[in-house]
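Notes follow once the structure below has been shown.
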Amino acid sequence: QVQLVESGGGLVQPGGSLRLSCAASGFTFSKYAMRWYRQVPGKERELVAHISSVSGILGYPDSVKGRFTISRDNAKNTVYLQMNSLKPEDTAVYYCARWNTFRGDYWGQGTQVTVSS
């Protein structure tokens with residue numbers, strides 16, 4: 001079965017960095033674009049990064065552009081989110097999702113990122 005398992009979240013101080021990982025299994029990882037989303041209670045889910053299946057196309061919203069970098073290692077079936085210069089506003093549960101036919105069809109359980117002094 002398709003599984004996406006996020007890891008790497010935790011508590012960091014403002015200005016710090018974290019690297020999130022999403023391990024994928026149960027499908028041909030290299031054929032799919034992947035996305036990272038985040039969600040805060042009371043707010044809608046927000047896209048934070050997109051990467052195409054062959055790593056040729058990357059996308060970020062203005063809120064994280066220049067601070068976050070998405071990457072993937074198809075040999076390891078893993079997608080990463082490098083987060084630098086973290087702000088308290090980045091606090092959220094971060095999810096990875098498989099992007100299929102212009103929608104996310106599988107989602108991980110999420111990993112908590114808390115940015116606080």
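Quick caveat, the model's predicted, so the values are computed rather than measured. Values below: every heavy atom of this structure, side chains too, minus hydrogens, waters and symmetry copies.
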Got a second to check how far Tyr32's OH is from Asp105's CG, nearest 0.5 Å? 7.0 Å
As an exercise, state the distance from CG of Leu58 to OG of Ser52, rounded to the nearest 0.5 Å. 6.5 Å
How would you list, by chain and number, every residue that makes a side-chain hydrogen bond (donor to acceptor under 3.5 Å, both in side chains) with Asp73, sequence neighbours excluded? none
Tyr60 side chain to Ile70 backbone, donor-acceptor under 3.5 Å: yes
d(Ser63 OG, Asp90 CG) to nearest 0.5 Å is 7.5 Å
Does any non-hydrogen side-chain atom of Trp36 lie less than 4.5 Å from one of Cys96? yes
A side-chain contact here means heavy atoms from C-beta on lying under 4.5 Å apart; do Ser116 and Leu11 qualify? yes
Beyond-backbone contact of Leu20 with Tyr95, side-chain heavy atoms, under 4.5 angstrom: no
Smallest separation among heavy atoms of Val2 and Gly26, with atom names: CG2-O, 3.8 Å
What I'd like to find out is whether the side chain of Arg38 reaches to under 4.5 Å of the side chain of Val113, using heavy atoms alone. no
Whether Thr91 side chain and Val115 backbone form a donor-acceptor pair below 3.5 Å: yes
Distance flag, aromatic centroids of Trp107 and Tyr37, threshold under 6.0 Å: yes
Taking side chain as C-beta onward, heavy atoms only, is Met34 less than 4.5 Å from Leu4? yes
Donor-acceptor under 3.5 Å (Arg72 side chain, Phe29 main chain): yes
Determine whether a donor-acceptor pair (N or O, by modelled atom type, separation under 3.5 Å) exists between the side chain of Arg98 and the backbone of Tyr106. no
Would Phe27 end up clustered with Val79 when hydrophobic side chains under 4.5 Å apart are linked, directly or stepwise? yes
Would you indicate whether Glu46, at its atom CD, is surrounded by more than 12 heavy atoms from other residues, nucleotides or ligands within a distance under 6.0 Å? yes
Distance-minimising heavy-atom pair for Ser17 and Asn84: OG-OD1, 2.9 Å
Distance col, row Asn77:CG vs Ser30:OG, nearest 0.5 angstrom, shows 7.5 Å
When every non-hydrogen atom of Thr78 is compared with those of Ser21, the smallest separation belongs to CG2-CB, 4.3 Å
Taking all heavy atoms of Lys43 and all of Gln39, pick out the closest pair and write down the distance. O-NE2, 3.4 Å
If you measure from CZ on Arg19 to CZ on Phe68, what distance do you get to the nearest 0.5 Å? 14.5 Å
Residues Leu81 and Ala49: closest non-hydrogen pair is CD1-CB, 3.9 Å
Carboxylate-amine/guanidinium proximity below 4.0 Å for Asp62 and Lys65: yes
Does a side-chain heavy-atom distance below 4.5 Å link Glu6 with Tyr94? no
